[in-house]
Undergrad: 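Pasting in a structure now, in structure tokens, and then I'll have a few things to ask.
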Amino acid sequence: MKAGIVVYRRDGTSLSGQWTHQDTSGILAKELVQDVSLGPMVGEWPVEVFKSDGTEYFTGSLKSVSLGDSLILTWNGAIVDAPQQPAQFVGIGYQIDSNLMVASFEQADANEQ
């Protein structure tokens with residue numbers, strides 16, 4: 001398993017995320033989730049994920065559904081360098097308060113997509 005983490009902070013109707021993964025050697029990068037309503041961080045929204053150098057890495061959507069006290073997260077879209085090849089990441093998260101969420105994630109197995 002190759003896992004990463006992401007921490008989101010609410011900024012109006014957007015979530016600004018900082019993420020890292022084993023493949024980035026622990027270097028932080030940014031993520032932007034748009035059109036997120038106030039309240040529980042449950043829904044589906046546009047997402048852009050950037051590399052640590054600021055170039056776009058992934059574009060698509062982020063879906064969040066409730067699982068008890070936690071959230072199941074699914075990122076669907078494409079890696080910018082391979083736009084014809086769909087990519088999916090899956091994870092579990094927790095909304096700490098109205099403005100903060102933390103999650104772990106990993107790339108989904110191509111056979112599960």
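Since this is a predicted model, take the numbers as computed values, not measurements.
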Undergrad: Does F89 have any ring-ring contact (aromatic ring centres under 6.0 Å, His included) partners at least two apart in sequence or in another chain, and if so, which?
TA: F58
Undergrad: Would you check, one step at a time, whether the test side-chain contact (heavy atoms from CB on, under 4.5 Å) holds for I79 with Q85?
TA: CA-CA 7 Å; I79 294 173; Q85 184 176 353; over 6 Å; no
Undergrad: Any side-chain heavy-atom pair from T13 and V36 closer than 4.5 angstrom?
TA: no
Undergrad: Tell me which pairs pass salt bridge (charged side-chain N to carboxylate O under 4.0 Å, His left out) where either residue lies in residues 6-19, with sequence neighbours left out.
TA: none
Undergrad: Can you name the residues that form a side chain to side chain contact (heavy atoms under 4.5 Å, CB included) with P40, not counting sequence neighbours?
TA: V42, Q95
Undergrad: Taking transitive links into account, so neighbours of neighbours count too, which hydrophobic residues share a cluster with L38 at under 4.5 Å side-chain distance?
TA: none
Undergrad: Quick check: closest heavy atoms across S52 and A29, and the distance to 0.1 Å?
TA: N-CB, 3.6 Å
Undergrad: To the nearest 0.5 angstrom, please state how far the CZ atom of F105 sits from the CD atom of E31.
TA: 7.5 Å
Undergrad: Tell me every residue that passes side chain to side chain contact (heavy atoms under 4.5 Å, CB included) with T24, counting only those two or more places apart in sequence or in another chain.
TA: W19, T20, H21
Undergrad: Roughly how far, to the nearest 0.5 Å, is the CD1 atom of I92 from the OG atom of S104?
TA: 7.0 Å
Undergrad: Does anything in residues 86-102 pair up under salt bridge (charged side-chain N to carboxylate O under 4.0 Å, His left out), and if so which pairs, sequence neighbours excluded?
TA: none
Undergrad: Between Q107 and W75, is there a side-chain donor-acceptor contact under 3.5 Å, judged purely by atom types and distance?
TA: no
Undergrad: With sequence neighbours left out, write down each residue that passes side chain to side chain contact (heavy atoms under 4.5 Å, CB included) with I96, or none if nothing qualifies.
TA: Y94, L100, V102
Undergrad: Let me see the working for V33 and V47 under side-chain contact (heavy atoms from CB on, under 4.5 Å), right down to the final yes or no.
TA: CA-CA 4 Å; V33 183; V47 64; 3.8 Å; yes
Undergrad: Output all residues satisfying ring-ring contact (aromatic ring centres under 6.0 Å, His included) with W45, sequence neighbours left out; order by chain, then residue number.
TA: none
Undergrad: Can you name the residues that form a side chain to side chain contact (heavy atoms under 4.5 Å, CB included) with S14, not counting sequence neighbours?
TA: L32, Q34
Undergrad: Listing request: all salt bridge (charged side-chain N to carboxylate O under 4.0 Å, His left out) pairs with a residue in residues 51-60, at least two apart in sequence or in separate chains.
TA: K51-D81
Undergrad: Please give me the minimum heavy-atom distance between A82 and A78, naming the atom from each residue.
TA: O-CB, 4.5 Å
Undergrad: Strictly by modelled atom types, are Q18 and Y8 linked by a side-chain donor-acceptor pair under 3.5 Å?
TA: no
Undergrad: Mind jotting down which residue pairs meet the salt bridge (charged side-chain N to carboxylate O under 4.0 Å, His left out) criterion with at least one end in residues 15-24? Sequence neighbours excluded, please.
TA: K2-D23
Undergrad: Taking distance alone, no hydrogens or angles, what donor-acceptor pairs closer than 3.5 Å link side-chain atoms of residues 60-70 to residues at least two apart or in another chain?
TA:
{"from": "S61", "atom 1": "OG", "to": "E44", "atom 2": "OE2", "distance (Å)": "3.3"}
{"from": "S64", "atom 1": "OG", "to": "M41", "atom 2": "O", "distance (Å)": "2.7"}

